[in-house]
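From a predicted model like this one, the values you see are computed outputs, not experimental measurements. In what follows, chains carry the letters A, B, and so on, assigned in the order in which the sequence lines appear, proteins first and then strands, with residues in each chain numbered from 1.
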Number of protein chains: 2
Amino acid sequence: MDSFSVPEVVVLRLPLYVRALSQLRDGGTDVVSSQQLGSLLQMTPAQIRKDLSYFGRFGKQGRGYNVRFLLHELREILGLDREWRACLIGVGRLGHAIINYPGFSPEGFKIVAAFDGDSDQVGTSIGGFKVRPMEDLAEVVNEMKISIGIVAVPASQAQEVIEKLIENKVKGILNYAPVAPQVPMNTVIRNIDPVLSLQSMTFYLR
Amino acid sequence: MDSFSVPEVVVLRLPLYVRALSQLRDGGTDVVSSQQLGSLLQMTPAQIRKDLSYFGRFGKQGRGYNVRFLLHELREILGLDREWRACLIGVGRLGHAIINYPGFSPEGFKIVAAFDGDSDQVGTSIGGFKVRPMEDLAEVVNEMKISIGIVAVPASQAQEVIEKLIENKVKGILNYAPVAPQVPMNTVIRNIDPVLSLQSMTFYLR
DNA sequence: ATAACTTTGTGAATGTAATCACTACTTAAA
DNA sequence: TTTAAGTAGTGATTACATTCACAAAGTTAT
């Protein structure tokens, strides 16, 4: 079950299952079929079963999946059974919104440090901690065991910042800058880019 | 060239080309080959040529593509040659960040109204206009010719808000709430969900 | 017990997307 | 003018993803 033997599209869907299962559990559902899960997520039961089959056999014929059990297994597969520490780079308007976003922490993603290249920002307080200069990155990433970098700098500085993160062994990057960054194979990058989303949407609205 | 004959993945990539071409133009480049564009965007030249071939023949053998011409054509294909008016639903922290985000407007996406279901928020000022109650939605969408709804309400209210938008003929939805909304076929929805992005990232970081 | 349902897991089949490889053309150099 | 190098556009091919369809197993009703 190494990472490369599982299609990436499948991995992208697992968090959807995790979220749906969490809701079902909170709603008091004990058992769910691929059928039900499928109608909840608007996908075919066969796809759900096939996706899960890459990782093991979690269901029971004639019955379905135990919600809590499957949820636990999927969280473990995704590595969500532990806390992930992240640092934020760029504390402008967007950076502020990110650090105050309440959705990360309950899912185990903790932002534990903030950096900015602009010396006017350094030293100001944000979300409970002081903004540090970029020069401190190596030290802080190492000491705080940070494995994820969240990039919220202007497009013009994004590639440079991302390279600096990679230099310091940060292997996961959540990029909010509107660019298509170049990263080595062993780095995982996810881009959050609402403008691109809108620009593909309008094709269908014309 | 109706929308359905073009694979959706292709449409999702067109904005990437638009962005790269804009940069090239700003940098003074007149002509670009699929080779160069490919290395800029980390994709194969063949894929770029094939993608473009769904819409027409824009290049010149032995030479490449005229940057300004291709950019113009792609913007037209995507419907980016006009202004798109959007309304924001939900003016909490996230809503504020969205309305103050400077990236939409230069690309032709204008937020022209804001709504909130919470009566405490209604009437307050944000980004230059007053927050309106949800009851005004029908009227405002109609009068201001709003075609896109940006949803920034808590997960628990998202589905309801989305249905209300659709009822009022809003055909495009940019959803920031962490849910998998159910929408009819003729509605285009794009989800912005950084937590999902992180949760699939960790699979590769474990 | 038995029969009628239900549901998983999975090879096989189908459908979709990416890449290859070649022709036709363009440009620039010899 | 001729030759060599470069490039778009595109059928054919290969690779990848989804769906089908069915055996095996569990569940519920009688």
Side-chain angles (χ1 to χ4, degrees), chain A residues 1-17 20-21 24 29-71 73-74 77 180 185 200 203, chain B residues 1-17 20-21 24 29-74 77 180 200 203:
Chain A
M1 208 262 314
D2 73 295
S3 306
F4 294 104
S5 63
V6 182
E8 174 148 21
V9 276
V10 172
V11 175
L12 292 173
R13 282 193 292 263
L14 295 187
L16 254 37
Y17 303 153
L21 290 165
L24 288 169
T29 306
D30 289 331
V31 174
V32 68
S33 68
S34 59
Q35 182 69 237
Q36 297 172 289
L37 207 47
S39 76
L40 210 61
L41 292 169
Q42 304 270 259
M43 42 198 298
T44 65
Q47 179 160 74
I48 293 172
R49 295 201 300 274
K50 175 71 86 174
D51 282 357
L52 297 178
S53 77
Y54 283 100
F55 305 97
R57 308 170 52 145
F58 306 109
K60 215 180 201 174
Q61 286 151 329
R63 196 162 160 72
Y65 301 90
N66 179 295
V67 172
R68 301 182 98 93
F69 172 68
L70 180 55
L71 179 56
E73 293 296 301
L74 288 181
I77 288 162
M185 284 284 291
S200 66
F203 177 76
Chain B
M1 206 258 322
D2 73 295
S3 306
F4 294 105
S5 63
V6 181
E8 175 149 21
V9 277
V10 172
V11 176
L12 291 173
R13 281 193 292 264
L14 295 187
L16 253 36
Y17 303 154
L21 289 166
L24 287 169
T29 306
D30 289 330
V31 175
V32 68
S33 68
S34 59
Q35 182 68 237
Q36 296 172 290
L37 206 48
S39 78
L40 211 60
L41 291 169
Q42 304 270 258
M43 43 199 298
T44 66
Q47 179 158 74
I48 293 172
R49 295 200 301 274
K50 175 72 82 170
D51 282 357
L52 297 178
S53 77
Y54 283 100
F55 305 98
R57 307 171 51 145
F58 307 107
K60 216 182 203 174
Q61 287 151 329
R63 193 160 161 72
Y65 301 90
N66 178 296
V67 172
R68 301 182 98 94
F69 172 68
L70 181 55
L71 179 55
H72 179 267
E73 293 296 301
L74 288 181
I77 288 163
S200 66
F203 177 76

J.: Do other residues, nucleotides or ligands put more than 12 heavy atoms under 6.0 Å from Arg63(B) CZ?
T.: no

J.: Report all interatomic pairs (protein N or O, nucleotide N or O of nucleotides 18-20 of chain D) with separations under 3.5 Å.
T.:
unit_1, atom_1, unit_2, atom_2, d
dT18(D), OP1, Arg13(A), NH1, 3.1
dT18(D), OP1, Gln47(A), NE2, 3.4
dT18(D), OP2, Arg13(A), NH2, 2.8
dT18(D), OP2, Gln47(A), NE2, 3.4
dT18(D), O5', Gln47(A), NE2, 3.2
dT19(D), OP2, Thr44(A), OG1, 3.1

J.: What are the two closest heavy atoms between Gln47(A) and Tyr17(A), and how far apart are they?
T.: O-OH, 4.3 Å

J.: Can you see which heavy atom on Phe203(A) is nearest to which on Val6(B), and at what distance?
T.: CZ-CG2, 4.4 Å

J.: Please report the C-alpha distance between Leu24(B) and Leu71(B) in whole Å, then the side-chain angles of each, then the deciding distance to 0.1 Å, and finally whether the side chain to side chain contact (heavy atoms under 4.5 Å, CB included) criterion is met.
T.: CA-CA 10 Å; Leu24(B) 287 169; Leu71(B) 179 55; over 6 Å; no

J.: If you measure from OG on Ser34(A) to NZ on Lys50(A), what distance do you get to the nearest 0.5 Å?
T.: 13.0 Å

J.: Write down the distance between CD (Glu73(B)) and C1' (dG9(D)), rounded to a whole number of angstrom.
T.: 16 Å

J.: Which angle, rounded to 10°, do you find between the first-five-pair axis and the last-five-pair axis of the helix from dA1(C)-dT30(D) to dA30(C)-dT1(D)?
T.: 10°

J.: Taking salt bridge (Lys or Arg N to Asp or Glu O under 4.0 Å) as the test, write out the residues that go with Arg49(B), two or more places apart.
T.: none

J.: Excluding sequence neighbours, so at least two apart, what forms side-chain hydrogen bond (donor to acceptor under 3.5 Å, both in side chains) with Gln36(A)?
T.: Ser33(A)

J.: Heavy atoms of chain A, cut-off under 4.0 Å: which first and last nucleotide of DNA chain C, 5' to 3', fall inside that, if you could look?
T.: dT6(C) to dA12(C)

J.: Using every non-hydrogen atom in the two residues, find where Leu21(B) and Leu74(B) come nearest and quote the distance to one decimal.
T.: CD1-CD1, 3.8 Å

J.: Just to be sure I understand the geometry, which residues of residues 57-70 of chain A put a non-hydrogen atom under 4.0 Å away from DNA chain C?
T.: Arg57(A), Phe58(A), Gly59(A), Lys60(A), Gln61(A), Gly62(A), Arg63(A), Gly64(A), Tyr65(A)

